[in-house]
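In the text below, chain A, chain B and the rest are named by the order of the sequence lines, each starting its count at 1.
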Number of protein chains: 2
Amino acid sequence: MQLTPFVKTESPNPDPKRYPMPFTRLEIAVMSLVDGELQVLLARRAEAPYAGKWALPGGVLRIDLDASLDAAARRVMRERLGLDLPFLRQLCAAGGPTRDPRAPWALSVVYRALVPAETVNPLAGKRIEALAWRRVDDAIADRGLAFDHSTLVSRAVESTRAEVERLDLPVGFLPEQFTLGELQSCCEQLLGRRLDKSSFRRRLADRQLVEPVEGAMRTGANRPAQIYRLRAD
Amino acid sequence: MQLTPFVKTESPNPDPKRYPMPFTRLEIAVMSLVDGELQVLLARRAEAPYAGKWALPGGVLRIDLDASLDAAARRVMRERLGLDLPFLRQLCAAGGPTRDPRAPWALSVVYRALVPAETVNPLAGKRIEALAWRRVDDAIADRGLAFDHSTLVSRAVESTRAEVERLDLPVGFLPEQFTLGELQSCCEQLLGRRLDKSSFRRRLADRQLVEPVEGAMRTGANRPAQIYRLRAD
DNA sequence: GGGGTTAGTTGCACAATTCAACGAAGTGTA
DNA sequence: TACACTTCGTTGAATTGTGCAACTAACCCC
């Protein structure tokens with residue numbers, strides 16, 4: 001273990017009150033498969049800045065309310081969307097002086113949620129005119145999105161695709177119980193290509209990610225399918 | 001118990017809500033292979049809180065100096081370690097009311113850097129008593145680390161191992177030029193298991209990640225080895 | 001009962017990875 | 001000089017994994 005002598009250049013202990021701190025927000029990229037396509041939930045802003053523009057739903061960090069970043073994201077999601085969802089994942093943080101005209105420096109911690117499409121009824125929440133599902137490719141290409149949110153959507157999509165590619169199941173997209181056909185179709189829509197049925201099932205079996213629900217079958221127009229659920233581990 | 005309030009610039013449509021913002025810092029997990037083991041660079045704190053304790057080198061976000069989070073991380077690295085390194089990667093953000101006794105709510109954005117061990121010779125920086133390499137397992141297990149930094153180290157290690165697992169090369173660990181044997185050995189030390197030489201080389205060739213430096217050979221006690229460098233892409 | 005559709009399995013060709021061995025090229029030593 | 005020893009780099013066989021296609025099963029509908 002190598003030690004180096006203390007070299008003091010100048011400044012004293014940083015006093016938290018001496019430095020202005022960034023305007024800190026949480027943004028939530030709620031994604032789902034709607035009409036067979038990967039879509040993201042956008043909110044039309046009711047107020048300036050970017051009034052009338054579409055943005056990711058989000059909100060200001062409240063240090064008096066939030067016990068952690070994760071808790072803050074859950075609170076924002078509850079307030080804006082009326083949802084209380086698991087599978088929230090922190091994606092990244094973005095910060096800079098030009099991100100938000102309201103502040104000299106704005107920092108956003110971005111979370112991602114995957115939900116079954118039915119879960120969200122596009123209805124207005126606090127300070128939101130409207131909610132709508134939007135195809136992710138459109139949202140990424142749309143220069144009219146508020147703030148730097150089209151970049152943030154792009155990052156959310158990339159990381160989600162990468163997860164499915166290595167067969168981290170996009171479990172949030174499906175309800176608690178599902179058939180293997182539904183699971184496979186969900187992955188295929190995300191990746192934009194077909195997967196082989198036998199090897200898909202082989203991999204699932206090897207990794208023991210799901211387990212059949214005894215006796216439960218999904219009936220329909222054709223042969224019934226075994227219903228599965230996530231294995232607790 | 002009032003933290004620095006969000007300072008508003010003039011804005012056409014003022015946000016009526018003013019919230020106290022979190023004490024925002026950058027922490028850098030500089031990792032390297034020292035003596036064949038994965039180690040992390042820790043700094044002994046010269047001042048309270050946690051004076052005398054070991055912590056990740058870090059610093060306060062300066063909205064007057066930093067054009068982005070990445071730039072802030074580079075500045076902190078320069079100030080604390082006298083280094084200006086590429087391969088800085090944002091890992092995650094952590095936040096909460098009990099993370100730092102100086103502030104009612106502290107947020108840290110954590111970055112990771114991989115460096116060749118030799119790089120960190122000019123060890124000197126602001127407000128740091130000493131710098132030392134520490135085995136990552138020790139740092140993670142050590143409850144005496146300042147703040148929540150042993151948790152942060154743990155996350156840095158996990159994500160680095162996962163990257164190497166999918167053959168994102170830990171290029172930072174090696175100097176600009178290296179032999180394939182050195183590269184493989186570096187990955188093996190990170191993963192803690194031996195890799196197969198032929199398939200390691202085959203994957204490298206397939207992905208065209210490295211290219212030989214014509215005519216350059218590493219000579220030594222045994223057969224000389226071709227020297228490689230990263231391919232620009 | 002027959003046609004159509006989806007569920008679930010099986011066999012096989014092919015690709016990828018692992019394991020083991022080999023020759024090449026240097027040093028050190030008798 | 002001969003030989004042991006080490007690492008480099010490649011090659012081939014054995015094992016494993018993947019993609020493709022066929023097949024059976026179970027249901028609905030007509």
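Considering only side-chain atoms of B/D196, the nucleotide from C/dG26, D/dG9, C/dC19 that sits closest is C/dC19. When the nucleotides C/dC19, C/dT17, D/dG9 are ranked by their closest atom to the side chain of B/R201, D/dG9 comes out on top.
Remark: B/E176 does not engage B/R229 in a salt bridge, criterion side-chain N to carboxylate O under 4.0 Å. A salt bridge does not link B/R74 with B/D84: every distance from a Lys NZ or Arg NE/NH1/NH2 to an Asp or Glu carboxylate oxygen is 4.0 Å or more.
Between A/G220 and A/K197, the residue anchored closer to the 5' end of DNA chain D is A/K197, taking for each the nucleotide with the nearest heavy atom. For the pair A/A221 and A/E182, both in contact range of DNA chain C, the more 5′-proximal nearest nucleotide belongs to A/A221. Between B/I227 and A/R203, the residue whose closest nucleotide on DNA chain D is further toward the 5' end is B/I227.
A/L195 has its CG atom 16 Å from the P atom of D/dA21, to the nearest Å. For A/M217 and C/dT6, the CE to P distance is 16 Å, given to the nearest whole Å. In this structure, A/Y228 places its OH atom 12 Å from P of C/dA7, rounding to the nearest Å. Rounding to whole angstrom units, CD of residue A/E188 and P of C/dT6 are separated by 13 Å. Regarding A/L204, its CG atom lies at a distance of 14 Å from the C1' atom of D/dT18, rounded to whole Å. B/Q184 places its CD atom 13 Å from the P atom of D/dT7, with the value rounded to the nearest Å. Distance B/D206 CG to C/dA15 C1': 12 Å, rounded to the nearest Å. Rounded to whole angstrom, the span from the CZ atom of A/R194 across to the P atom of C/dT6 amounts to 10 Å.
B/S198 comes within 4.0 angstrom of a nucleotide base, judged by non-hydrogen atoms across all strands.
Partner of A/S150 under the side chain to side chain contact (heavy atoms under 4.5 Å, CB included) criterion, out of A/L145, A/D142, A/D138: A/L145 alone.
If you check distances only, the side chain of A/N222 does reach the base of C/dT5 with a donor-acceptor pair under 3.5 Å. Side chain A/R223 to base D/dA26: no donor-acceptor pair is found below 3.5 Å.
Checked against the 6.0 Å centroid criterion, the rings of A/F147 and A/Y50 qualify as a close aromatic pair.
To the nearest 0.5 Å, atom CE of residue B/M31 and atom CG of residue B/L114 are 5.5 Å apart.
For C/dT17, one of the phosphate oxygens OP1 or OP2 lies less than 4.0 angstrom from a side-chain nitrogen or oxygen of B/R202.
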